[in-house]
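Before any comments, here is the structure.
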Amino acid sequence: MSIPTVTLRRPTDGDGSALHDLVARCQPLDTNSVYCNLLQCSDFADTSIAAEDANGQLVGFISGYRPPARPDTLFVWQVAVDASMRGQGLALRMLMALVTRVAREQGVRHLETTISPDNGASQALFKKAFAQLETEYSTRTLFSRAKHFAGQHEDEELYRAGPFDATDSRKRIRGNPMQTFELHESGVRSYCRSFPVVFKQARGAELITREGKHYIDFLAGAGTLNYGHNHPVLKQALLDYIGADGITHGLDMYSDAKETFLSTFDRLILKPRNMDYVMQFTGPTGTNAVEAALKLARKVTGRNNVISFTNGFHGCSIGALAATGNKHHRGAAGVPLTDVSRMPYANYFGDKVNTIGMMDKLLTDPSSGIDKPAAVIVEVVQGEGGLNAASADWIRKLEKLCRKHEMLLIIDDIQAGCGRTGSFFSFEEMGIKPDMITLSKSLSGFGLPFAMVLLRKELDQWKPGEHNGTFRGNNHAFVTAAAAIEHFWSDDEFAKSVQAKGKRIADGMHKIVRRYGPDSLFVKGRGMMIGISCPDGDTAAAVCRHAFENGLVIETSGAHSEVVKCLCPLIISEEQIDKAMSILDKAFAAVMSEQDTNQAAS
């Protein structure tokens with residue numbers, strides 16, 4: 001039985017109309033009126049619970065109250081579950097979450113409800129809840145058909161259970177594997193909503209749940225695990241370092257681990273590519289590297305404005321967010337996102353429009369309203385933006401534009417770098433020399449937090465400590481990053497294998513497109529950063545859900561989450577690729593067939 005991908009939360013008065021519609025779909029529940037449902041969502045929010053799906057639609061609701069004479073009791077008034085979610089345990093999941101919450105917050109130790117004798121489903125639901133609460137229950141007729149309903153309604157039996165301790169964590173976990181997270185972790189969590197299982201182990205290109213189910217990982221920590229989960233070479237290097245009491249935290253002090261990384265990166269990554277950069281270790285995530293690069297560009301040039309691109313993603317801290325296009329993320333800023341001019345990315349208007357020429361015109365015209373920028377920040381392949389890949393010609397022209405208008409060129413290679421496109425840097429074959437490069441995600445090789453900026457030496461104009469952070473330079477990450485570079489990048493064999501696997505995945509995806517949507521689906525991206533663009537986000541989400549049910553973890557990207565996106569570990573085997581492609585093929589077959597059926601019926 002699959003677990004529904006929903007979020008459990010307190011209802012609000014904004015849910016009243018949606019609750020009314022939900023109840024209307026769940027006959028024979030009494031719909032009352034929208035006004036009554038609004039009251040349930042407002043005045044009884046603390047003793048009610050709502051469930052919404054990944055699209056924000058209300059798909060479940062339980063309302064209740066604490067009788068004034070029995071404040072230690074929760075009386076459950078109504079249980080509603082949308083037809084699309086029935087048979088998946090959502091009602092029990094909501095009930096246990098609600099009971100646990102009111103027990104913790106309001107001291108509830110008894111549970112009551114009324115059920116008619118012919119309502120077997122509700123009887124089964126509450127008996128399961130009583131069993132999970134490990135408590136006894138009693139029943140008695142509260143309202144009789146003859147006395148209270150004039151023969152027009154069945155008897156209503158009062159079920160009363162307790163006392164119990166619903167705050168017992170063992171009961172919470174047994175009642176619902178996700179309940180601890182839903183009760184204690186912020187609602188900002190996201191990926192777990194698409195993959196509602198508890199993972200315990202991971203090896204190579206596989207994730208394993210605590211029940212022992214294996215999933216092929218086509219997400220890889222959103223591109224953080226290019227070398228797979230727990231790669232034995234990297235793991236052993238880290239275990240040896242920790243076993244020898246190697247320094248863990250050292251601010252930006254000199255350390256043996258840092259020295260090894262610096263020399264290894266210079267020897268195997270920079271020098272073979274004729275790249276002359278210094279390395280700045282920022283805070284531990286990609287957005288920290290972007291913030292440092294933007295800050296330095298403004299410091300060096302004395303200008304504020306930065307050019308970024310449509311559908312670009314650079315992070316969620318304020319400076320990086322200002323350069324990010326995504327409306328969902330920008331909407332949470334709470335402050336104006338300024339000092340950025342948005343320009344159209346390559347082929348944003350199609351391949352007939354010269355976006356570089358348009359930018360040149362705007363930057364040349366003193367009355368265009370575009371302040372002279374300090375820098376341009378760009379992704380060669382837009383990961384979160386929908387796998388939009390810029391051509392080598394477009395990137396070269398962008399570099400020339402930067403030189404013409406004295407703007408620094410910052411390449412954000414946080415997701416596309418570290419081998420993802422078939423070379424260490426995503427731009428290697430393009431013949432450009434960026435002023436700065438931001439790296440993170442797979443830089444550590446082991447999923448450890450690590451970010452840095454590569455910058456031309458003449459741009460290194462920081463004063464000591466002028467830009468810092470407590471966790472700049474993660475020594476454990478230095479160890480695994482150096483081991484990864486030594487193991488994978490000493491020659492070109494690994495890069496060749498990535499290119500071959502990328503072609504294998506692309507071939508599989510093109511077959512899917514030809515079979516199920518030659519006019520509505522198409523393949524996007526480069527290397528092993530590739531996916532299938534669908535007509536809309538609902539289609540892509542349905543494909544990902546179907547794939548997950550059959551053992552494949554895969555997510556979406558794009559302005560409308562319309563791209564089914566592959567970010568599998570680069571060390572994945574050919575057999576695992578073929579298995580994943582088979583799962584994806586069946587997912588597209590099921591979803592596209594269902595859409596065809598629905599269209600024919602309408």
Side-chain angles (χ1 to χ4, degrees), residues 3-16 18-19 22-23 36-53 56 58-81 89-115 122 125-138 158-190 192-193 196 198:
I3 302 171
T5 307
V6 298
T7 303
L8 305 183
R9 58 171 174 78
R10 278 179 173 82
T12 69
D13 54 13
D15 294 319
L19 171 59
L22 173 64
V23 172
C36 294
N37 297 136
L38 282 166
L39 290 175
Q40 287 184 54
C41 293
S42 56
D43 292 359
F44 295 94
D46 289 341
T47 49
S48 299
I49 193 166
E52 63 182 14
D53 64 13
L58 197 66
V59 292
F61 187 86
I62 294 179
S63 59
Y65 63 91
R66 291 166 61 208
R70 303 185 302 283
D72 66 346
T73 298
L74 171 68
F75 186 95
V76 171
W77 172 257
Q78 198 172 62
V79 179
V81 176
L90 178 57
L92 181 62
R93 185 173 164 190
M94 288 193 297
L95 182 57
M96 291 300 294
L98 176 60
V99 170
T100 304
R101 188 222 298 163
V102 296
R104 185 182 71 248
E105 296 179 354
Q106 303 176 45
V108 163
R109 301 181 68 233
H110 292 85
L111 176 61
E112 288 183 351
T113 193
T114 56
I115 308 174
S122 291
L125 167 64
F126 280 88
K127 286 177 181 179
K128 286 179 183 177
F130 300 156
Q132 290 185 8
L133 291 166
E134 297 179 358
T135 186
E136 300 293 328
Y137 70 93
S138 61
L158 176 69
Y159 284 68
R160 179 173 171 81
F164 51 74
D165 178 12
T167 62
D168 187 328
S169 63
R170 294 168 299 175
K171 296 174 185 175
R172 292 202 303 270
I173 293 172
R174 185 169 61 251
N176 166 21
M178 267 51 74
Q179 192 163 338
T180 296
F181 306 102
E182 290 165 352
L183 286 169
H184 303 300
E185 187 179 4
S186 166
V188 76
R189 61 192 187 279
S190 59
C192 56
R193 301 181 191 277
V198 179

Under the criterion side chain to side chain contact (heavy atoms under 4.5 Å, CB included), I'd like the reasoning laid out for F75 against T114: C-alpha separation, chi angles, the key distance, then a yes or no.
CA-CA 9 Å; F75 186 95; T114 56; 3.7 Å; yes
Take Q132 and L92 through the test side chain to side chain contact (heavy atoms under 4.5 Å, CB included) and record every step on the way to the result.
CA-CA 10 Å; Q132 290 185 8; L92 181 62; 3.4 Å; yes
Take R70 and D72 through the side chain to side chain contact (heavy atoms under 4.5 Å, CB included) test and state the conclusion after the steps.
CA-CA 5 Å; R70 303 185 302 283; D72 66 346; 4.2 Å; yes
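At a threshold of 4.5 Å between non-hydrogen side-chain atoms, the residues D46 and R66 do not count as touching. A heavy-atom distance below 4.5 Å is found between the side chains of F61 and P11. Residues Y137 and L111 form no side-chain contact, since every pair of their non-hydrogen atoms from C-beta on lies 4.5 Å or further apart. Between L133 and M96 the shortest side-chain heavy-atom distance falls below 4.5 Å.
The two atoms that bring L8 and A97 nearest to each other are CD1-CB, 3.7 Å, heavy atoms only. Of all non-hydrogen atoms in A161 and T135, the two that sit nearest each other are CB-CG2, 3.9 Å. Heavy atoms only, all atoms of each residue included: P67 and T73 are closest at CD-O, 3.4 Å. Annotation for S48 and G64: closest pair OG-N, 3.5 Å, computed over non-hydrogen atoms. Summarising the geometry of A129 relative to L95, their closest heavy-atom pair is CB-CD2, 3.6 Å, with the distance given to 0.1 Å.
Within the model, atoms CG of D43 and OG of S63 stand 12.5 Å from one another, a figure rounded to the nearest 0.5 Å. Summarising the geometry, atom OG1 belonging to T47 is positioned 7.0 Å from atom CG belonging to L98; distances are rounded to the nearest 0.5 Å. Annotation: the span from H110 atom NE2 to L74 atom CG amounts to 12.0 Å, rounded to 0.5 Å. To the nearest 0.5 Å, atom CZ of residue R109 and atom CZ of residue F164 are 8.5 Å apart.
More than 12 heavy atoms of other residues, nucleotides or ligands sit less than 6.0 Å from atom CD of E105.
For the pair R101 (side chain) and Q106 (backbone), a donor-acceptor distance under 3.5 Å is absent.
The aromatic rings of Y65 and W77 sit tilted, their planes meeting at an angle between 30° and 60°.
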